[in-house]
Amino acid sequence: MRVWIDQDLCTGDGMCEQICPEVFQLQGDGLAYVHDETGIRDGGADDPGRFVAVAAELGDEALDAVAECPGECIFIEGAASAAA
Ligand code: SF4
C-alpha cells in the first residue's frame, strides 16, 4: 500500500500524525506530509514521487488515519490486502 496527502485539502489538525506518526508528519507550514526514511514528500498531486510505501505492520494505523482525516485528503493505492 502506498499513500500520499493532498496538502491543498489538509486542515492541519494533526489527526494522521497522532494515529500513525511513522507515516504522517506535520511540518512547519502547519500541514501534514507523508514521509519515510528518505524524507518528506512535498511534491503535490502532480508529482509521481508523492507516494510513500506503508510497511505491512503499519497498514491498519495508516488506514485508520485515512478514515479519520477530516480533510479527506489522504489518498491510498493498493490497499486491497488490508481488508481482513
Ligand atoms: S488528518 Fe488529514 S486533514 Fe488532518 S493533518 Fe492529517 S492529512 Fe491533514
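Order of appearance sets the numbers: ligands from 1, and atoms from 1 within every ligand.
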Response to the item:
At under 4.0 Å between heavy atoms, what of Ala32 touches ligand 1? The answer is side chain
Worksheet item: Which residue holds the protein heavy atom closest to atom 5 (S) of ligand 1, what is that atom called, and what is the gap in Å?
Response: Gly14 N, 3.3 Å
Worksheet item: Does Arg50 come within less than 4.0 Å of Asp6, counting only side-chain N to carboxylate O?
Response: no
Fill in: Within 6.0 angstrom of Glu72 CD, more than 12 heavy atoms from elsewhere
no
Fill in: Nearest option to atom 4 (Fe) of ligand 1, as decided by whichever heavy atom of Asp13, Ile74, Ile19, Leu26 sits closest
Asp13
Worksheet item: Less than 4.5 Å apart, any side-chain heavy atom of Asp47 and any of Arg41?
Response: no
Worksheet entry | Part of Ala65 with heavy atoms under 4.0 Å of ligand 1, whether side chain, backbone, both or neither | neither
Discussion item. Starting from atom 2 (Fe) of ligand 1, what is the nearest protein heavy atom, named by residue and atom, and what distance separates them?
Written reply: Cys69 SG, 2.3 Å
Discussion item. Taking the side chain as everything from C-beta on, heavy atoms only, tell me whether Cys69 gets closer than 4.5 Å to Cys16.
Written reply: no
Discussion item. To the nearest 0.5 Å, what is the distance between CG on Asp29 and CG on Asp42?
Written reply: 9.0 Å
Discussion item. Taking backbone and side chain together, does Cys16 place any N/O/S atom at a distance below 2.8 Å from atom 2 (Fe) of ligand 1?
Written reply: no
Worksheet, complete the sentence: heavy-atom search around atom 8 (Fe) of ligand 1 in the protein gives Cys10 SG, 2.3 Å
